[in-house]
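What you see is a predicted model; the values in this text were computed from it and never measured.
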Amino acid sequence: EAQLVESGGGLVQAGDSLRLSCAASGFTFTDYGIAWFRQAPGKQREQVSYINNKDGETHYADFVKGRFTISRDNYKNTVYLHMNSLNSEDTAVYYCAAGFQSSRYLGDYRYWGQGTQVTVSS
C-alpha cells in the first residue's frame with residue numbers, strides 16, 4: 001500500500017528553522033511530483049510548495065517564497081521542506097502529497113500523508 005509519512009514537526013520560536021521530511025513507500029517515487037500542503041485551525045488546506053518528478057522544477061506559494069526550500073532525494077524516496085524564518089502564521093499541520101501532475105489543488109494528488117504539526121510561538 002502506498003504510504004507517505006511526514007516527520008520533523010515540532011514547537012519552535014519565531015525566526016527559527018525547521019526541516020520536515022516525507023518518506024514515501026509502496027509506489028514508484030520517481031513517477032510522482034510531490035507537494036507540501038498545510039492546514040491551520042479554521043482554515044482550508046493550502047499548498048506550500050511542490051517539486052516535479054522529472055526535472056526537479058519547484059514552485060512555492062507567495063507566503064513562503066524565499067523562506068522555504070523543497071527538495072527530493074530519489075534514492076531515499078524522501079522529500080524535504082526546509083523552513084526558515086518561521087513566524088506564527090506558519091503554525092499548521094503540514095502534509096505531503098504525491099500526484100502525477102503537481103498543482104495547487106488537493107484533488108490532483110493521489111496519495112497523502114497523515115501530517116506533522118508545526119507550531120511557531122511568537
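Taking NE2 of His82 as the start and CG of Leu18 as the end, the distance is 8.5 Å to the nearest 0.5 Å. The distance from the CZ atom of Arg72 to the CG atom of Asn53 is 6.0 Å, given to the nearest 0.5 Å. Distance OG/Ser122 to CG/Leu86: 12.5 Å, rounded to 0.5 Å. Of the inter-residue distances, the one linking Leu81 atom CG with Thr69 atom OG1 reads 8.0 Å to the nearest 0.5 angstrom.
In this structure, a donor-acceptor pair under 3.5 Å is present between the side chains of Gln47 and Tyr109. For the residue pair Thr78 / Asp73, no side-chain donor-acceptor distance below 3.5 Å is found, with atom types taken as modelled.
A donor-acceptor pair is defined here as one N or O able to donate and one able to accept, closer than 3.5 Å; such a pair exists between the side chain of Thr116 and the backbone of Gly9.
Classified by interplanar angle (parallel below 30°, tilted 30° to 60°, perpendicular above 60°), the ring pair Phe27/Phe29 is tilted. The aromatic rings of Tyr32 and Tyr111 are tilted relative to each other, their planes meeting at an angle between 30° and 60°.
Counting all heavy atoms, side chain and backbone alike, Ser85 lies closest to Ser17 at N-OG, 4.3 Å. Across all non-hydrogen atoms, the minimal contact from Gln114 to Glu6 is N-OE1, 3.1 Å.
Within a 6.0 Å sphere centred on CD of Gln13, other residues, nucleotides and ligands contribute 12 heavy atoms or fewer. With a 6.0 Å radius and a threshold of 12 heavy atoms from other residues, nucleotides or ligands, Tyr105 has its OH atom at or below the threshold.
Side-chain contact between Cys22 and Leu4 is present, with heavy atoms from C-beta onward closer than 4.5 Å.
The aromatic ring centres of Tyr60 and Tyr50 sit 6.0 Å or more apart.
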Using atom types as modelled, flag every donor-acceptor pair under 3.5 Å from a side chain in residues 33-40 to any protein atom, sequence neighbours excluded.
| residue | atom | partner | partner atom | Å |
| --- | --- | --- | --- | --- |
| Arg38 | NE | Glu46 | OE2 | 3.1 |
| Arg38 | NH1 | Asp90 | OD1 | 2.8 |
| Arg38 | NH1 | Tyr94 | OH | 2.9 |
| Gln39 | OE1 | Arg45 | NE | 3.2 |
| Gln39 | OE1 | Arg45 | NH2 | 3.3 |
| Gln39 | NE2 | Lys43 | O | 3.2 |

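Put simply, Tyr95 and Val5 are part of two different groups of oily side chains (I, L, V, M, F, W, Y) that touch within less than 4.5 Å, one to the next. Trp112 and Val48 fall into different hydrophobic clusters, where Ile, Leu, Val, Met, Phe, Trp and Tyr are joined by side-chain heavy atoms under 4.5 Å apart, directly or via other members. Ile70 and Leu106 fall into different hydrophobic clusters, defined by Ile, Leu, Val, Met, Phe, Trp and Tyr side-chain heavy atoms under 4.5 Å apart, directly or through other members. Val79 and Leu20 fall within the same hydrophobic cluster, defined by Ile, Leu, Val, Met, Phe, Trp and Tyr side-chain heavy atoms under 4.5 Å apart, directly or through other members.
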*asked:* Before you tell me yes or no, could you show the steps for Val118 and Thr91 under side chain to side chain contact (heavy atoms under 4.5 Å, CB included), namely the whole-Å CA-CA distance, both residues' side-chain angles and the distance that decides it to 0.1 Å?
replied: CA-CA 5 Å; Val118 172; Thr91 295; 5.9 Å; no
*Passes side chain to side chain contact (heavy atoms under 4.5 Å, CB included), Phe63 versus Asn87? Steps please.*
CA-CA 11 Å; Phe63 53 82; Asn87 59 66; over 6 Å; no
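Geometrically, Arg19 engages Tyr80 in a cation-pi contact defined by less than 6.0 Å to the ring centre and at most 45° from the axis.
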